[in-house]
Amino acid sequence: MKLIYQQMLGFFLVIFTTLLIVSAAIINYNNRQAYETTWNQLEGYASKFGALFTQTDPQTGSYQSMSTDFLDEVKYVLSDDQVYYAIFNEDNAQIYPTSEGASVDLKLDAATWKKLKRGQIVRAQTNRTQNQGPKIGGGELAYVIYPWFNSNKEFVGAMYIGSRVTRIKSTLREMENNLLVALGISLLVALAISFVLARFHVRRINRLRQATRTVASGNFDVELVSNGRDEIDDLATDFNGMVLSLNESNREIARQEQRRREFMANAAHEMRTPLTTINGLLEGLAYDAIPEEAKGKSIELMQKETQRLIRLVNENLDYEKIRSNQIILNKREFNGAEAIGNIVEQLTKKAAAAGDKLVLDSKENVTVFADYDRFIQVIFNVTQNAIQFTENGQVTIALEQVEKGVQIKISDTGIGMSDDQLKNIWERYYKADPSRKNTKYGESGLGLAIVHSLVQQHGGKIDVTSQLKHGSTFTIFFPDKDHVPLAVAAKTAKPKKTPQA
Ligand SMILES: Nc1ncnc2c1ncn2[C@@H]1O[C@H](COP(=O)(O)OP(=O)(O)OP(=O)(O)O)[C@@H](O)[C@H]1O
Ligand SMILES: [Mg+2]
């Protein structure tokens with residue numbers, strides 16, 4: 001059954017039952033009231049008859065008993081009101097009506113007679129099923145039996161006087177009919193009220209349903225009005241709270257997804273360098289393009305790059321790290337000249353292919369404090385860019401100890417960049433010239449964004465100056481051990497044993 005009908009039925013039953021009880025109470029009260037009035041009226045008659053009956057003759061001093069004719073006349077007058085009566089003398093003998101033509105012939109029972117003698121008035125009623133009491137007039141009666149006393153307070157007789165119940169009933173029936181009409185009208189009103197009430201509640205529930213469907217379809221821009229008046233309002237408040245947290249977790253999912261994508265892109269970028277190097281060396285070995293004396297060095301380089309890949313996989317392709325967007329740096333001190341020397345070795349062939357000269361300008365031993373793999377990644381990316389955008393020129397990597405750290409200057413004599421282009425180069429996926437998208441280096445426009453972020457995580461700095469058609473210079477600074485900014489140092493992992501590169 002639909003909620004609206006259930007609610008209507010509930011409301012209707014409550015209102016209907018209330019009305020029924022009230023009506024029954026009114027009918028019952030009126031019933032009693034009608035009998036009460038009748039009894040009072042009958043008692044009035046009986047008392048007046050008594051006064052007449054006990055009147056004494058001033059001459060003889062004896063009772064002036066009412067004549068039968070008089071009683072007959074009164075009976076005739078009262079017959080319209082369907083009032084019947086009988087009179088008993090002090091010996092419980094019926095003296096009116098007398099046997100001839102009498103509709104009543106009885107003696108009052110001993111118990112009643114006793115009461116009467118004590119001065120008690122007996123009130124009673126007969127109905128169709130009970131067949132007690134005097135049978136005057138027949139049918140249902142409301143009657144009183146009224147004792148008479150003379151002026152000396154002596155019991156002189158009693159009057160039985162009754163009135164047909166039908167007479168009372170007819171007035172009551174009219175009242176009941178009116179009440180029934182009122183009940184009918186009230187029921188119609190009850191039906192209307194229950195409908196309005198039920199619809200009010202059902203509408204509020206439907207609003208909640210609608211909102212639930214909207215949220216289910218992925219739209220979290222929903223807020224229900226709640227006045228905190230009742231449980232449905234409380235439900236609306238809870239619903240609003242639920243939508244808020246759903247919305248929040250939805251945004252969190254989107255953020256996580258974005259981070260995951262970025263991380264995967266970074267990781268792929270990072271892996272490409274060692275894989276390209278290893279592949280190049282393997283090809284050289286396969287085609288015997290590497291002189292015998294250089295083979296040992298090539299294998300060593302491949303080992304180093306492989307170890308770098310393993311570390312990358314072990315340390316960074318960790319789901320938890322992707323989720324919390326953190327990269328742990330394993331910083332240590334190492335010889336920067338040697339590390340960059342390796343990069344130069346790897347890239348010399350590439351530089352030569354572009355007609356470039358790759359030069360390292362450094363003392364033999366320059367201590368750098370950084371995560372070794374990340375340092376390689378930074379210098380490799382910037383140097384590779386320099387080669388990529390320089391033809392038949394020179395790329396110089398200058399490494400020197402400066403105040404509070406080391407500085408690496410990578411300068412080229414390539415195509416350079418305009419001021420406009422320079423503004424955006426640290427942004428992800430930015431390419432100064434989109435037409436260079438599909439060169440053989442497969443640039444994605446990610447390299448410098450990663451480099452920038454890595455240098456910052458080390459507490460370092462990277463700057464660029466460039467002149468269109470004349471070349472660019474990238475200046476990178478790494479702080480030494482004692483000058484790492486506090487905020488950065490806190491995020492750095494304790495040095496642990498990692499395979500030496
Ligand atoms: N030395 C340079 N000389 C001229 N332009 C450069 C130089 N370095 C970077 N750029 C410009 O900055 C852009 C961004 O460089 P970035 O290294 O971020 O991306 P990419 O080299 O195009 O691709 P990849 O993600 O493979 O490194 C380059 O596309 C290029 O236009
Ligand atoms: Mg690049």
Side-chain angles (χ1 to χ4, degrees), residues 261-280 305 308-309 312 316 327 340 343-344 346-361 373-399 407-457 460-476:
R261 280 213 204 108
E262 277 180 20
F263 196 91
M264 293 320 282
N266 288 359
H269 197 272
E270 219 169 304
M271 285 163 111
R272 211 166 54 209
T273 312
L275 285 174
T276 315
T277 305
I278 295 167
N279 190 44
E305 289 303 279
R308 197 148 82 84
L309 273 176
L312 174 71
N316 292 304
I327 291 173
I340 297 177
I343 297 174
V344 169
Q346 282 179 54
L347 286 174
T348 302
K349 224 173 139 194
K350 197 185 233 178
D356 294 335
K357 219 176 132 195
L358 185 55
V359 179
L360 171 59
D361 171 12
D373 292 338
R374 302 301 182 182
F375 178 79
I376 296 280
Q377 200 183 342
V378 167
I379 307 301
F380 195 100
N381 264 296
V382 179
T383 312
Q384 185 171 259
N385 277 352
I387 296 169
Q388 202 172 312
F389 301 110
T390 305
E391 251 173 52
N392 305 319
Q394 180 169 319
V395 174
T396 313
I397 309 175
L399 170 69
Q407 179 181 280
I408 305 109
K409 250 185 197 224
I410 301 165
S411 45
D412 63 66
T413 56
I415 58 170
M417 284 172 278
S418 69
D419 286 352
D420 260 3
Q421 290 172 333
L422 272 182
K423 270 187 217 154
N424 302 309
I425 53 164
W426 309 121
E427 269 170 34
R428 288 176 76 83
Y429 305 112
Y430 175 77
K431 298 172 72 62
D433 180 357
S435 65
R436 292 186 207 136
K437 201 163 194 153
N438 292 316
T439 67
K440 59 179 172 167
Y441 300 110
E443 308 100 55
S444 54
L446 270 179
L448 285 182
I450 296 172
V451 162
H452 189 247
S453 150
L454 285 175
V455 171
Q456 277 188 331
Q457 285 174 55
K461 255 181 90 179
I462 179 164
D463 284 311
V464 59
T465 54
S466 186
Q467 212 182 345
L468 209 55
K469 294 191 182 134
H470 285 90
S472 318
T473 301
F474 285 81
T475 310
I476 306 163

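Counting starts at 1 for both ligands and their atoms, following the listed order.
The Mg ion (ligand 2) does not have Gln384 among its coordinating residues (no N/O/S atom, backbone or side chain, under 2.8 Å).
Ligand-side atoms of ligand 1 in range of Asn385: 8 (N), 9 (C), 15 (O), 16 (P), 17 (O), 21 (O), range being under 4.0 angstrom from any heavy atom. For ligand 1 and Leu446, the ligand atoms under 4.0 Å from any heavy atom of the residue are 18 (O), 19 (O), 25 (O). When each atom of ligand 1 is checked for a heavy atom of Ile425 under 4.0 Å away, the hits are 12 (O). When each atom of ligand 1 is checked for a heavy atom of Arg272 under 4.0 Å away, the hits are 26 (O).
Of the polar atoms of Ala449, none of the N or O atoms is found under 3.5 Å from an N or O of ligand 1, judged by distance alone.
In this structure, Asp356 contributes its side chain and Gln394 its backbone to no donor-acceptor pair below 3.5 Å. With hydrogens and angles disregarded, no donor-acceptor distance shorter than 3.5 Å links the side chain of Ser453 to the backbone of Ala449. Judged by distance alone, with hydrogens and angles left aside, the side-chain atoms of His269 form no donor-acceptor pair with the main-chain N or O of Ala267 at under 3.5 Å. For the pair Asp412 (side chain) and Ser472 (backbone), a donor-acceptor distance under 3.5 Å is present. The backbone N or O of Ser418 lies less than 3.5 Å from a partner atom in the side chain of Gln421, making a donor-acceptor pair. Ser466 places a side-chain N or O within donor-acceptor distance of the main-chain N or O of Gly471, the cut-off being under 3.5 Å.
At a 4.0 Å heavy-atom cut-off, ligand 1 touches Asp412 through the side chain alone. Under 4.0 Å from ligand 1, the heavy atoms of His269 that appear belong solely to its side chain. Neither the backbone nor the side chain of Arg428 comes within contact range of ligand 1; no heavy atom lies under 4.0 Å.
Residue-ligand proximity: Gly445 is placed with a non-hydrogen atom under 4.0 Å from ligand 1. Note on ligand 1: Gln421 sits outside its first shell, no heavy atom being nearer than 4.0 Å.
Between the CD atom in Gln407 and the CG atom in Asp463 there is a gap of 9.5 Å [rounded to 0.5 Å].
One option in Ile415, Leu448, Val451 has a heavy atom closer to atom 18 (O) of ligand 1 than any other, and that option is Leu448.
Arg308 and Glu270 are not joined by a salt bridge, as no carboxylate oxygen comes within less than 4.0 angstrom of a charged side-chain nitrogen.
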